[in-house]
Amino acid sequence: MGIVTVATTPQSSLHDLDTSAAEAAGVESVEGVDSAEEDGDDAVRRAAGAGESSRASRHWWDRNADEYQDEHGEFLGDDRFTWCPEGLDEADARLLGDVAGRDVLEIGAGAAQCSRWLAARGARPVALDISYRQLQHSRRIDLGRGTAPVPVVQADAAVLPFADASFDLACSAYGAVPFSADTERLMREVHRVLRPGGRWVFSVTHPIRWAFPDEPGVEGLTAMSSYFDRTPYVEQDENGDATYVEHHRTLGDRVRELVAAGFRLIDLVEPEWPADLEQEWGGWSPLRGRLIPGTAIFVTERG
């Protein structure tokens, strides 16, 4: 099975990509995408709508997927389901419950590491990501392991290309949600494709972190911004076009949008930093992790 590309990005179209090389040989260059990291982008706080955010995310992840998988691949593994840089694994947390025999949608799947873990435990996962390059890495891993490929779909999480009530469970480990301008719509879409009683569990950067500089050292321990400022973080090129966007929601915002979409909040998990974990991941570090939460995991159930 190849990578299914669905043109569902809000207010924009996914560019056409030739999948034949990737299917035959794993990871090849992505046509029309510069694999080199862009230099000189400005970081600002400004408005960014659904179309601009979606385009920026797709291009950023296509451009940076190789570096991301190279840098974090050992931590993520090929078939590990970890929720966060704190290293909380689903094998221990069991936030999804019993997955055997369940249809599971992984949103913002990257190279589908979580989906492989789910498949090994009897689930029927589908891995969705906006980035074609990330999904090529999923193919690379499958080919290298000589295992049946995880079904993958390239699409925007705010416009899911599935029929109503297609899945028993949905999950996301730091995928899609932080990059979506319209998470109210995203939550409604997840609710739509879930069957009654289905769980939707997702992890994001803990909202309190938005008040602090994203630095692993002592400079990241002093609040410098308002927690209540919802203005997106945007990196933009010399023309003012967004190349990377993240969106902030307070804890209250997130709970309200989940309830409005028809979900019931079962648990809010704030993983503590393990005493034996010394590895840093961007702004996540032992120093900060032992003082302020870095991750919030929302455990919800469809009504």
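What you are looking at is a predicted structure, and each value in this text was computed from that prediction instead of being measured.
- Residues Phe202 and Cys171 form no side-chain contact, since every pair of their non-hydrogen atoms from C-beta on lies 4.5 Å or further apart.
- Between Glu106 and Val150, the closest side-chain pair of non-hydrogen atoms is not below 4.5 Å.
- A salt bridge links Asp79 to Arg145: at least one charged side-chain nitrogen sits closer than 4.0 Å to a carboxylate oxygen.
- With salt bridges taken as basic N to acidic carboxylate O contacts below 4.0 Å, one links Asp253 and Arg230.
- The distance between the ring centers of Phe212 and Trp210 does not fall below 6.0 angstrom.
- Ile107 has its side chain within reach of Val190: a pair of non-hydrogen atoms, C-beta onward, lies under 4.5 Å apart.
- For the pair Glu270/His206, a side-chain contact is recorded, criterion being any heavy-atom separation below 4.5 Å from C-beta on.
- Only one option out of Trp200, Phe263, Phe167 pairs with His191 in a ring-ring contact (aromatic ring centres under 6.0 Å, His included); it is Phe263.
- Geometrically, Arg192 does not engage Phe162 in a cation-pi contact defined by less than 6.0 Å to the ring centre and at most 45° from the axis.
- Side-chain N/O atoms of His247 and Ser53 include a donor and acceptor closer than 3.5 Å.
- Using modelled atom types, one finds a donor on one side chain and an acceptor on the other under 3.5 Å when comparing Gln69 with Gln134.
- With hydrophobic clusters built from ILVMFWY side chains whose heavy atoms lie under 4.5 angstrom apart, Val177 shares a cluster with Leu194.
- Judged purely by distance below 3.5 Å, without hydrogens or angles, the side chains of Tyr174 and Thr295 pair a donor atom with an acceptor atom.
- The closest side-chain donor-acceptor pair between Asp66 and His137 falls under 3.5 angstrom.
- A salt bridge links Arg195 with Asp103; the closest basic N to acidic carboxylate O contact falls under 4.0 Å.
- A salt bridge links Asp142 to Arg116: at least one charged side-chain nitrogen sits closer than 4.0 Å to a carboxylate oxygen.
- Looking only at atom types and distance, the side chain of Trp117 has no donor-acceptor partner in the side chain of Glu90 under 3.5 Å away.
- Exactly one of Tyr227, Phe228, Tyr233 qualifies for a ring-ring contact (aromatic ring centres under 6.0 Å, His included) with His248. That residue is Tyr227.
- Looking at Glu235 and Arg45, no side-chain N of the basic residue comes within less than 4.0 Å of a carboxylate O on the acidic one, giving no salt bridge.
- At a cut-off of 3.5 Å, with distance as the only test, a side-chain donor of Ser54 or Asp156 sits close to an acceptor on the other residue.
- Under the 4.0 Å criterion applied to side-chain N and carboxylate O atoms, Arg46 and Glu52 are assigned as salt-bridge partners.
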